[in-house]
Amino acid sequence: MKTGQPWRIGMGDIPIFSGARHRSPLKRPLWIIVLVSLVSIFVICAFLYQPQSNAACYIFSSRGCKAISDWLPPAPAREYNDDEIAARVVIKEILSAPPVQSKNPKIAFMFLTPSAVPFEKLWDKFFIRGHEGKFSVYVHASKEKAVHLSRYFANREIRSDQVIWGKISMVDAERRLLANALQDPDNQHFVLLSESCVPLYTFDYIYDYLMNTNISYVDCFEDPGPHGNGRYSEHMLPEIEKKDFRKGAQWFSVKRQHAVIIMADSLYYSKFRDYCKPGLEGRNCIADEHYLPTFFNIVDPGGIANWSVTHVDWSERKWHPKLYKAQDISYELLRNITSIDVSVHVTSDEKRVVQRWPCLWNGIQRPCYLFARKFHPESLNNLLHLFANYTTI
Ligand SMILES: *[C@@H]1O[C@H](CO)[C@@H](O)[C@H](O)[C@H]1NC(C)=O
Ligand SMILES: *[C@@H]1O[C@H](CO)[C@@H](O)[C@H](O)[C@H]1NC(C)=O
Ligand SMILES: *[C@@H]1O[C@H](CO)[C@@H](O)[C@H](O)[C@H]1NC(C)=O
Ligand SMILES: *[C@@H]1O[C@H](CO)[C@@H](O)[C@H](O)[C@H]1NC(C)=O
């Protein structure tokens, strides 16, 4: 603490350090004033720097310090830094602007795949007949371009780059797909799909479900366990606090405004790029499972459904979800998946707390899932055979 200034101001020209032995009774009130000022300075400092700094507390006993913090008002909420203020104002502006109305609203189906989409023939059946002009297809083939079996996939590849599981390159590929799909102003909703995804309903049903609502389907929940908050790094502070950290499946479906704010974000993105990757400081943080859930939880928590419209079965509790083979495909299996109308999340700690929320669509409980994964390529023929049957409502 710098006490030099007040000393000089308080003592004027009086030579205090040299004259200690010759103190006259007249100077005593000055000493008292100085002492009182010093105590006041300590108290003011304790007020200004609590609770961030405990330096002032060391001067007092620990009990004294506690007493001071007790009668002081609670610490104010954290002050945003320049980057946060800028990010928040841009995002708020985009979200509060009325959505751009398109005369010909389309859904962008964005496939994130290593190479060929094995279910092209099934998707072809899904897209066909009367739906032209209501959708567009984008393919990010990160390993090799494929020979297409469906005209809807021909020449729909975007420029791609390598994708490494768990790393930010996965998020980069998602952003690349969004950036390409946003170029078409008619695209109003953006669905991310993998090569192992299949549709569960007819095109009209899915179109109606996604277009006639104003929320995005981003999976998001708080997991206090090792596969949730255990992956959080304090390097993400101050912008991302542990209480804001969320988890969710990668396969999102977002409205146009949300696609734009994902493009606009570099602040939160850079925190995940730098501090969320497999093996960093002993944590296995998977960027694509945390970036968007955390981002939306911070900037627009009420704008997301908190579940993904793509079903996956983690009930086997392995490192990868259940993979449906040809012999697993049945009318009953698909009916079981489409009849689910409650989303379930389980925490990864020992308590294994099960969180259940009804899937509310504009306030009405409806089936949660429009797509499902993971299907083995060899299940294609069985799915093609059953498609007309299982997609009938
Ligand atoms: C979504 O629409 C509902 C009614 O249709 C409205 O009450 C709500 O405010 C809208 N939400 C957003 C985020 O626009
Ligand atoms: C999603 O969860 C957040 C809190 O985590 C909540 O504020 C929001 O309302 C939820 N979304 C919906 C559509 O219920
Ligand atoms: C469908 O669900 C029922 C009831 O939960 C279950 O008994 C049955 O095994 C399921 N069938 C398939 C094929 O998953
Ligand atoms: C679909 O197949 C199931 C079982 O084979 C049958 O019970 C059902 O009637 C069929 N539904 C339609 C719409 O064809």
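Both counts, for ligands and for their atoms, begin at 1 and track the order of listing.
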Sorted by first residue and then second, give each disulfide bond (SG atoms under 2.5 Å apart) pair with at least one member in residues 281-362; sequence neighbours left out.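 Every disulfide bond (SG atoms under 2.5 Å apart) pair that includes a residue of residues 281-362, provided the two are not neighbours, is C276-C285, C359-C368.
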If we only count N/O pairs under 3.5 Å, is N336 in contact with ligand 3?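 It does: an N or O of N336 is found under 3.5 Å from an N or O of ligand 3.
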Looking just at side-chain N and O atoms, do S160 and H140 make a donor-acceptor pair shorter than 3.5 Å?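 Judged by distance alone, the side chains do not pair up.
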What does the contact table look like for ligand 2 (nitrogen or oxygen on each side, cut-off under 3.5 Å)?
residue	atom	partner	partner atom	Å
ligand 2	2 (O)	N306	OD1	3.2
ligand 2	2 (O)	N306	ND2	2.3
ligand 2	11 (N)	I304	O	2.9
ligand 2	11 (N)	N306	ND2	3.0

How about F111 and F153: are their ring centroids closer than 6.0 Å?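 Ring centroids of F111 and F153 are less than 6.0 Å from each other.
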Using ring-ring contact (aromatic ring centres under 6.0 Å, His included) as the criterion, list what pairs up with F245, not counting sequence neighbours.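 Only Y232, H290 meet the ring-ring contact (aromatic ring centres under 6.0 Å, His included) criterion with F245.
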Is K134 positioned over the aromatic face of Y207, cation under 6.0 angstrom from the ring centre and no more than 45 degrees off axis?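 Yes, K134 sits over the ring of Y207.
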What pairs with D184 under salt bridge (Lys or Arg N to Asp or Glu O under 4.0 Å), at least two apart in sequence or on another chain?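 Residues passing salt bridge (Lys or Arg N to Asp or Glu O under 4.0 Å) with D184: K106.
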